[in-house]
Number of protein chains: 2
Amino acid sequence: MASIKDVAAHAGVSVATVSRTLNGHPSVSPGARTRVLAAVEALEYRPNAVARSLRTDQTHTLGLVISDVLNPYFTSLARAVEEEARALGYSVIIGNADERPELQDHHIRTLLDRRIDGLLVSPADGRSPLTLEAVRSPTPVVLVDRWLPGLDVPVVRADGRVAVHDLVAHLHGLGHRRLAIITGPASTTTGSERVSAFRSGLSAFGLPLPEAYIGQGDFQAESGRRAMERFLALPEPPGAVFAADNLMALGALDAIRAHGLRVPEDIALAAFDDIPWFVHTDPPLTAIAQPTDELGRAAVRALIARIEGRPARSVTLPARLVVRRSCGEPAPPAGPEPLTGPAMPAVPAGPVSESGGTQPHGTAGPDPRSTP
Amino acid sequence: MASIKDVAAHAGVSVATVSRTLNGHPSVSPGARTRVLAAVEALEYRPNAVARSLRTDQTHTLGLVISDVLNPYFTSLARAVEEEARALGYSVIIGNADERPELQDHHIRTLLDRRIDGLLVSPADGRSPLTLEAVRSPTPVVLVDRWLPGLDVPVVRADGRVAVHDLVAHLHGLGHRRLAIITGPASTTTGSERVSAFRSGLSAFGLPLPEAYIGQGDFQAESGRRAMERFLALPEPPGAVFAADNLMALGALDAIRAHGLRVPEDIALAAFDDIPWFVHTDPPLTAIAQPTDELGRAAVRALIARIEGRPARSVTLPARLVVRRSCGEPAPPAGPEPLTGPAMPAVPAGPVSESGGTQPHGTAGPDPRSTP
DNA sequence: ACTCTCCATGTAATCGATTCCAATCAGGGC
DNA sequence: GCCCTGATTGGAATCGATTACATGGAGAGT
């Protein structure tokens, strides 16, 4: 592979002139420039990014450590991050933590060793040594989605509290009184926040949240299934279950089906995180949608601001309730829905019903959709 | 950030001794070793991977360019690749081409510039200049999922021909005679292969494949929707549609629903690529499952073999038909299904029905599943 | 015509590691 | 007691770029 020396020799100039030409330095004569460019062409020269990084101490690379690539929410977050980063001249290395703290640490370590310019983390657990080390290190860090209390680091995330309250109101309006939740790990902010928002929503309606109605999950499908199994084994099972992420909702749905029960006739189900598939599940799932793309873009902009020495502020965007049929709402007239995934304006909005029609709130009771 | 020089100074030895200690070179005295290790500890020294790569000409990094991260098939492929690579001491940089050739080229270029040790590509289009350049370059390349005819590069992929034939037999057995397909771009092997397998399956049953029953798609949901729209506008619409990937199936489902039609009563639907969500769509979708994990692992092993100078062979694993209800099969008794995604043994197997029970082949006619 | 600028260019240091080669030192064999 | 061998160790080259500094020459100003 040709190096800058080869190019210099071929063009009859010094390596300095080659470097200057390629980096657009002003004082290079037209003659030298054309000869260099010709040599570059002839030798198919490409600068060695490794050598360049060593010298300039910049890799033009961002690290992104996410909790679980198989979760469509994080996948689309990752896509948005990569998109925005590329637009701004950066590459992204994704590390998948699979919700395992030690894997998360492994990735942070590796990324730091590679001298990435900045790090985006969605911490799988609250207080891993490596996360703290990263924050103390000179490498700029921005947290996405989940954050760590007590650290002075910009956080880009969605606030789901209003949407969770909307959901509780929705369930209450449909006549549900025994509401349960399948949570994520308490060590994640998204885990604990969603429970507390749910609890405060319930208390606004004077409803209790008994311990037995709190299923401990880990954001993976299997844990959602187990939690639902336990709910169903209760002497008095809940009438509605809120899963704190989409994979646990999938697992819960599995468990419900395994028991031969129907949604929403026998039990209502709703999820945090909206994904395109929820439109086509049986039944379509009511969910809380996060502005994924906006979050990813904002996170990258904040990180690059810090890399370039500009100040970066935390960003919080609202999440939004998307009502479908899984809680007992009468089926809206079938109509096309955009395929680009859950639409999500950056401005706050109240709960929306899928079809865009007005939402007949308060129409309680099971929905007899089985009559065609 | 502490460098090897700082460590050497702190330990009172030369940089050579530090390097030898850290790389496990035998001739380092116990005294020097402990002092070096203590200095490393004290300074929280971490070797600079960039400098190391420059010197050793190894980055211990693989590049993976996939066609679309938002497609669950590629996501799980990427996960398997990362998993296996990590186990073997490599990191992975993922480039998402979004099915756009120019983006694919951008990523290949960037990865090559970073001097990754090897490249895994699932080519978004047949003949991009950068793919060819990569193949000619000294960097080992292995193709995954899709391949490029006429290139001497190892290919790791699934062969779906048998499964497609099984699918046609399944549809035929259920009484379907007007079968249509929504294909991927003809420039991808997976695009053209799936059509030709479908066509040959049809001809085995003496069925035609009229031009109007071939919908041109691009592996994205929106194209699946458009193709289905066109089918439904035909004077004689098909009775069963086979989508060549899961996203186009999602789009097709959208279109069907928008027209107020039901699956499978009004039209049957099947897809290539099985994903966990297909169990819970309405109705559960019959699909052809690829052994994603195995593919990812095999691809990494082949690539690393080439990196280490060993020969690598192409690998072809069988895909498998998973029967659910979307083609009119009577509903199997509800039962739990493993959550780990479509189970996929590496050994060939005939079509399976979801519940694990034997499959009542030949039970033709639309399935009146609406009676609970 | 002389000097002062300024432009174009080259030389060489530098980034942080690895590694070849030579030097030093201790111990064993004679 | 001397030399040889082998274990440790340090010095310095190297990877491929960027860039500070030095230099040479051309053109302008007086």
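Because the structure is a prediction, the values reported are computed rather than measured. Scope of the values below: all heavy atoms of this structure, side chains included, with no hydrogens, waters or symmetry mates. In what follows, every chain begins at residue 1, and chains take the letters A, B, ... in the order their sequences are listed.
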Any side-chain N or O of [X] below 4.0 angstrom from OP1/OP2 of [N]?
{"X": "Asn23(A)", "N": "dT18(D)", "answer": "yes"}
{"X": "Thr17(A)", "N": "dG10(C)", "answer": "yes"}
{"X": "Ser19(A)", "N": "dT18(D)", "answer": "yes"}
{"X": "Ser53(B)", "N": "dC15(D)", "answer": "no"}

**OP:** Look at Glu99(B) together with Arg146(B) and state whether they make a salt bridge at an N to O cut-off of under 4.0 Å.
**Re:**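 Here Glu99(B) pairs with Arg146(B) in a salt bridge, since their nearest N and O are under 4.0 Å apart.
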Subject >> Salt-bridge criterion met for Asp293(B) and Arg79(B) (N-O under 4.0 Å) >> reply: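 No, no charged N to carboxylate O under 4.0 Å.
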Closest nucleotide among [options] to the [X] side chain:
{"X": "Ala16(B)", "options": "dT19(D), dT19(C), dT18(C)", "result": "dT19(C)"}
{"X": "Ser14(B)", "options": "dG10(C), dG10(D), dC15(C)", "result": "dG10(D)"}
{"X": "Ser3(A)", "options": "dT19(C), dA17(D), dA12(C)", "result": "dA17(D)"}

What's [X] touching, base or sugar-phosphate or nothing? Going by heavy atoms closer than 4.0 Å.
{"X": "Val13(B)", "result": "sugar-phosphate"}
{"X": "Ser27(B)", "result": "base"}
{"X": "Val28(A)", "result": "sugar-phosphate"}
{"X": "Ala49(A)", "result": "nothing"}

Atom pair distance, as rounded to whole Å: [atom1] in [X] and [atom2] in [N]:
{"X": "Arg35(B)", "N": "dT9(D)", "atom1": "CZ", "atom2": "C1'", "value": "11 Å"}
{"X": "His25(A)", "N": "dT18(D)", "atom1": "NE2", "atom2": "C1'", "value": "11 Å"}
{"X": "Asp57(B)", "N": "dA17(D)", "atom1": "CG", "atom2": "P", "value": "12 Å"}
{"X": "Leu22(B)", "N": "dG16(C)", "atom1": "CG", "atom2": "P", "value": "16 Å"}
{"X": "Ile4(A)", "N": "dC15(C)", "atom1": "CD1", "atom2": "P", "value": "18 Å"}
{"X": "Asp113(A)", "N": "dG16(C)", "atom1": "CG", "atom2": "C1'", "value": "13 Å"}
{"X": "Arg20(A)", "N": "dT9(C)", "atom1": "CZ", "atom2": "C1'", "value": "6 Å"}
{"X": "Met1(B)", "N": "dG16(C)", "atom1": "CE", "atom2": "C1'", "value": "13 Å"}

Subject >> Which residue lies more 5' along DNA chain D, comparing Ala51(A) with Gly31(B) via nearest heavy atoms >> reply: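 This one resolves to Gly31(B).
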Original post:
Of all the base pairs, Watson-Crick or G-U under 3.5 Å, which form stems of three or more consecutive pairs involving DNA chain D?
Top reply: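 When the pairs of DNA chain D are grouped into runs of at least three, the stems are C:1-30 with D:1-30.
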Original post:
Hey, does the side-chain of Arg115(B) have a donor or acceptor N/O within less than 3.5 Å of a partner on the base of dG16(D)?
Top reply: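 Checked by distance alone, the answer is no.
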Original post:
Quick one: does Arg52(A) reach the base of dT18(D) with a side-chain donor-acceptor pair under 3.5 Å?
Top reply: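 No pair found.
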State, with a plain yes or no, whether a side-chain heavy atom of [X] is found less than 4.5 Å away from one of [Y].
{"X": "Ser3(B)", "Y": "Asn48(B)", "answer": "no"}
{"X": "Leu295(B)", "Y": "Val81(B)", "answer": "no"}
{"X": "Asn96(A)", "Y": "Leu103(A)", "answer": "no"}

Tell me which donor-acceptor pairs under 3.5 Å the side chains of residues 302-313 of chain A have, and how far apart each pair is, sequence neighbours excluded?
from, atom 1, to, atom 2, distance (Å)
Arg306(A), NH1, Val141(A), O, 3.0
Glu308(A), OE1, Arg310(A), NH2, 2.6

Original post:
Only one of Val69(A), Ile94(A), Thr75(A) forms a side-chain contact (heavy atoms from CB on, under 4.5 Å) with Val69(B), so which one is it?
Top reply: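 When side-chain contact (heavy atoms from CB on, under 4.5 Å) is applied between Val69(B) and each of Val69(A), Ile94(A), Thr75(A), only Thr75(A) qualifies.
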Subject >> His60(B): ring-ring contact (aromatic ring centres under 6.0 Å, His included) partners, not counting sequence neighbours >> reply: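 His60(B): ring-ring contact (aromatic ring centres under 6.0 Å, His included) contacts with Tyr90(B).
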